[in-house]
Amino acid sequence: MSAVKMTDVSIMIRKQEKKMTEILVKKTHFSFGEIERLLKLYRERSGGETDKLDRTLFREFLHDCFNMTDDILMDRIFKFFDQVNDGTVGREEWIMGLNVFLRGTEDEQIEYCFTIYDLNGDGYISKEEMLTMLKNCLVRQGLEEDGDEGVKDLIDMTLKKMDLDKDGKVSFSDFEATVKADNLMLEAFGPCLPSNRTGELFMQTYLDPMEV
Ligand code: CA
């Protein structure tokens, strides 16, 4: 009896997901098949539960599929995905987040990276925020013996390049203009996009081949 019920429930969920997918195709850069694959992955990563991908599970996903290890950045990425801010990434949030993360246009990804790096959300990437992120980054690379001096030099260099209006912090328009002139600056304060080899592998697995 309970086996029959389980089947009913899963048929219901499938039906509901098909509807959701049809809506999401219109709202994202993904095809129907891509969304289906990404929702299947969602089920795998959330232990088969719907709308229950919490911070820990989400961070495990970022680590396993994109080799990410930076606590601060992974938490910021989680916050970006968790739009409703209820401590879990639901299926729709999952697809909408991945839409920018995997398939975002240049403008969408510039906005995304800026949001990630503006740790306190005040509209600027301050020196303190840079220090927090770059220090963490150098520690992970085993370069912390250069100490604060190394990080401060790096911040000065970055500000020189990014702080176009010379107010001592990086605004969105500073960030946008710098990245448009030099795309390598997009992830200036640490990895937050699937731009490494592991990320490429993920894209090949889950996304349709790009039409050239
Ligand atoms: Ca800030």
Side-chain angles (χ1 to χ4, degrees), residues 53-63 66-90 92-94 96-144 146-196 199:
L53 194 73
D54 64 16
R55 200 170 68 99
T56 310
L57 290 170
F58 186 80
R59 284 176 44 145
E60 281 170 12
F61 156 72
L62 291 177
H63 181 257
F66 304 99
N67 244 340
M68 289 188 182
T69 51
D70 189 312
D71 288 327
I72 296 171
L73 295 180
M74 286 195 293
D75 278 349
R76 293 294 300 160
I77 298 171
F78 176 75
K79 280 208 91 155
F80 176 85
F81 273 70
D82 181 17
Q83 290 283 328
V84 177
N85 196 22
D86 64 353
T88 59
V89 172
E92 200 174 335
E93 287 174 333
W94 168 255
M96 293 310 287
L98 289 176
N99 183 47
V100 176
F101 185 76
L102 301 173
R103 263 286 162 75
T105 61
E106 187 188 28
D107 284 335
E108 284 169 345
Q109 292 198 337
I110 289 174
E111 218 179 299
Y112 162 79
C113 288
F114 185 82
T115 307
I116 299 295
Y117 298 146
D118 176 11
L119 299 176
N120 65 359
D122 71 346
Y124 297 96
I125 305 170
S126 67
K127 271 188 176 184
E128 290 71 31
E129 286 168 328
M130 290 179 204
L131 186 68
T132 306
M133 292 184 283
L134 293 173
K135 216 170 171 176
N136 215 24
C137 194
L138 292 180
V139 168
R140 271 184 300 107
Q141 289 169 7
L143 297 171
E144 77 267 38
D146 290 347
D148 281 359
E149 282 313 303
V151 182
K152 289 213 170 94
D153 287 350
L154 192 56
I155 290 173
D156 286 342
M157 269 162 48
T158 311
L159 267 179
K160 214 169 170 188
K161 188 155 185 177
M162 288 197 148
D163 180 17
L164 304 175
D165 58 6
K166 306 277 172 232
D167 64 352
K169 53 196 179 181
V170 173
S171 66
F172 179 72
S173 66
D174 288 337
F175 188 76
E176 186 183 33
T178 312
V179 174
K180 291 221 163 163
D182 177 2
N183 196 259
L184 285 174
M185 296 303 281
L186 182 61
E187 291 182 85
F189 303 110
C192 55
L193 282 168
S195 34
N196 58 18

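If you read the sequence from its start, that first residue is 1, and numbering goes on from there. Start at 1 and go down the list; that is how both ligands and their atoms are numbered.
For the residue pair Ile116 and Cys192, the shortest heavy atom distance occurs at CG2-CB, 4.1 Å.
Nearest N/O/S atom of Asp122 with respect to the Ca ion (ligand 1) is recorded as OD1. Closest to the Ca ion (ligand 1) among the N, O or S atoms of Asp118 is OD1.
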Please walk me through it: do Lys180 and Asp107 pass salt bridge (Lys or Arg N to Asp or Glu O under 4.0 Å)?
-> CA-CA 9 Å; Lys180 291 221 163 163; Asp107 284 335; 2.7 Å; yes
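Among the atoms of Tyr124, an N, O or S atom is found under 3.0 Å from the Ca ion (ligand 1).
Remark: Arg59 engages Asp75 in a salt bridge, criterion side-chain N to carboxylate O under 4.0 Å. A salt bridge does not link Asp118 to Arg76: none of the charged side-chain nitrogens sits closer than 4.0 Å to a carboxylate oxygen.
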